[in-house]
Every structure is written in C-alpha cells, then in structure tokens.
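As structure tokens, the structure follows; a few thoughts come after it.
Chain identifiers are assigned alphabetically (A, B, ...) following the order of the sequence lines, protein sequences preceding nucleic acid strands; residue numbering begins at 1 within each chain. This one's a predicted model, so the numbers in the text were calculated from it and none came from an experiment.
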Amino acid sequence: MQYWLFKSEPDEYSIDDLKAEPNQTGRWDGIRNYQARNLIRDQIKEGDLVLFYHSSCKNVGVAGSAKVVSAPYPDPLQFDPESKYHDPKSHPDQPKWFSVDLKYDQHAKSFLSLSKIKSLPELAEMVLVKQGRLSIQPVTEKEWKFISQLIKIS
DNA sequence: GCCAACGTTGGC
DNA sequence: GCCAACGTTGGC
C-alpha cells in the first residue's frame, strides 16, 4: 500500500466535484509535468490512497481522501485538439501523459491547512513543505497515519 | 551540453 | 498582483 498527495485547484476540480461524479469516481487528467507523470505512470497502483489537497485558493490544505481505482492509462486529453491539455507531439502508440481514476473516500472532518502542516515538526519532511510545486507527491506511511488522525478519517 | 530567457506553479 | 522556485525552450 502506497500513499500520495494530489493537488487540485478547487475552482477547477474540488473534492466535492469528485464526490458528485457518477459512482463518486473521476479521471485525474491534465498532468503535464514529468516528475508527476513518472509517479503516475510508474509507481501509482490501484488501491493506493490519496490525500486530496486544495491549492491556489482561499483555504489551501488537505480537504479529504480518495482511492486510486484504476491502473495508469493514457490521458485521453493529450489527443483531443479541443482540450487545453492537447499535446500535438504525443502519439497514441507512444503516449506521453497518463491518468488514473480516483474514487472519493472521505472529507476531512477537520480541514488541515498548509500553515498547520508547516507548523508541525512531524510533517516537516513532507514534499509539500520541502518542494512546493509538485502536483503529485509521495506521502510516507508515518505521515499518512499522522494526518489521518489530525483530520479524523479512518 | 550550457545557460539565458521565458513560462508556470502556487503561497501570500 | 507579486514573486520565489522551479521547469522548459532554444540558440550556440
């Protein structure tokens, strides 16, 4: 079992949007950063657990949890000329960008803000704290357990 | 392969 | 809207 943190701008796609999807399951697409792509393509597995993080908004922080419910597969938006995520350099026989499906799990009963995260020595080593700008990042089991307690999810 | 210029992310 | 910290692009 592995743990991850996925960032999303809630104006674009919030944890409530995920919950409102049919079967509470949505496609995590639009990843266009190689570090994040490598994680999603090579390391993320069906069944892994995800902290759903809201970025670039009034309240930045961990809003809840979700579960990976598919293997990685090519992000269809890269082949869609209408999409802002269209990548004309990517070809279907060798796709550059990947997606997974996420299923809503729980809302944080207590929202965990970034400032709170930064104030906690137990979370000082999080990628979120050390390297701000990565949209998909690994979370250690220790961090996951600590955060689960803080936000009161099980 | 280096590196300057430019673009993006994301907190504040 | 600002700006720091990256990542990407492209000339050489």
Side-chain angles (χ1 to χ4, degrees), chain A residues 2-21 26-44 48-68 70 72-102 104-140 142-144 146-153:
Chain A
Q2 304 173 101
Y3 307 96
W4 308 95
L5 182 146
F6 284 22
K7 287 184 189 173
S8 184
E9 301 187 17
D11 292 343
E12 295 286 327
Y13 195 82
S14 70
I15 191 167
D16 298 297
D17 295 325
L18 177 61
K19 191 180 181 183
E21 296 265 19
R27 185 179 68 224
W28 201 267
D29 51 28
I31 298 298
R32 293 297 180 267
N33 166 284
Y34 285 106
Q35 249 183 299
R37 190 283 307 270
N38 291 345
L39 291 174
I40 213 168
R41 186 189 60 185
D42 305 334
Q43 292 194 244
I44 295 181
D48 286 354
L49 297 177
V50 170
L51 294 172
F52 199 115
Y53 179 91
H54 285 173
S55 68
S56 297
C57 59
K58 201 169 167 198
N59 295 310
V60 295
V62 175
S65 61
K67 190 174 196 171
V68 177
S70 78
Y73 60 94
D75 181 347
L77 298 184
Q78 68 195 307
F79 307 123
D80 177 2
E82 302 297 311
S83 170
K84 70 168 175 172
Y85 295 112
H86 180 229
D87 184 345
K89 285 186 279 184
S90 185
H91 297 285
D93 54 340
Q94 196 158 25
K96 281 171 68 181
W97 308 111
F98 288 79
S99 291
V100 289
D101 291 337
L102 272 196
Y104 169 81
D105 181 36
Q106 300 172 62
H107 272 72
K109 291 191 177 60
S110 164
F111 183 84
L112 178 60
S113 68
L114 178 62
S115 57
K116 180 77 179 171
I117 289 172
K118 287 180 170 170
S119 77
L120 294 164
E122 291 88 344
L123 300 179
E125 295 302 313
M126 281 189 79
V127 180
L128 188 66
V129 177
K130 308 217 91 171
Q131 181 190 342
R133 301 180 358 134
L134 191 57
S135 62
I136 288 184
Q137 42 182 271
V139 172
T140 67
K142 236 179 190 173
E143 289 161 352
W144 176 274
F146 188 77
I147 291 174
S148 304
Q149 303 250 326
L150 280 178
I151 65 182
K152 303 188 181 72
I153 60 166

(request) Quick one: label A:Lys130 by what it contacts on the DNA or RNA (base, sugar-phosphate, nothing), any heavy atom closer than 4.0 Å. (result) nothing
(request) Flag the pair A:Trp4 / A:Val100 as yes when at least one side-chain heavy-atom distance between them is below 4.5 Å, and no otherwise. (result) no
(message) What is the first contacted nucleotide of DNA chain B and what is the last, in 5' to 3' order, if contact means an atom lying under 4.0 angstrom from a heavy atom of chain A?
(response) B:dT8 to B:dC12
Under 3.5 Å, which donor-acceptor pairs link side chains of residues 89-98 of chain A to any protein atom two or more places apart or in another chain?
residue : atom : partner : partner atom : Å
A:Ser90 : OG   : A:Gln78 : OE1          : 2.8
A:Ser90 : OG   : A:Lys96 : N            : 3.1
A:Lys96 : NZ   : A:Asp87 : OD2          : 3.1
A:Trp97 : NE1  : A:Asp87 : OD2          : 2.8

(request) Classify the nucleic acid contact of A:Gln35 as base, sugar-phosphate or nothing, counting any heavy atom under 4.0 Å across all strands shown. (result) sugar-phosphate
(request) Taking side-chain contact (heavy atoms from CB on, under 4.5 Å) as the test, write out the residues that go with A:Lys84, two or more places apart. (result) A:Glu12
(request) Assess the side chains of A:Tyr73 and A:Asp101: does a donor N or O sit below 3.5 Å from an acceptor N or O? (result) yes
(request) State the CD-CD1 distance between A:Glu143 and A:Ile117, to the nearest 0.5 angstrom. (result) 10.0 Å
(request) Would you indicate what A:Ser56 reaches in the nucleic acid, counting non-hydrogen atoms under 4.0 angstrom: base, sugar-phosphate, or nothing? (result) base
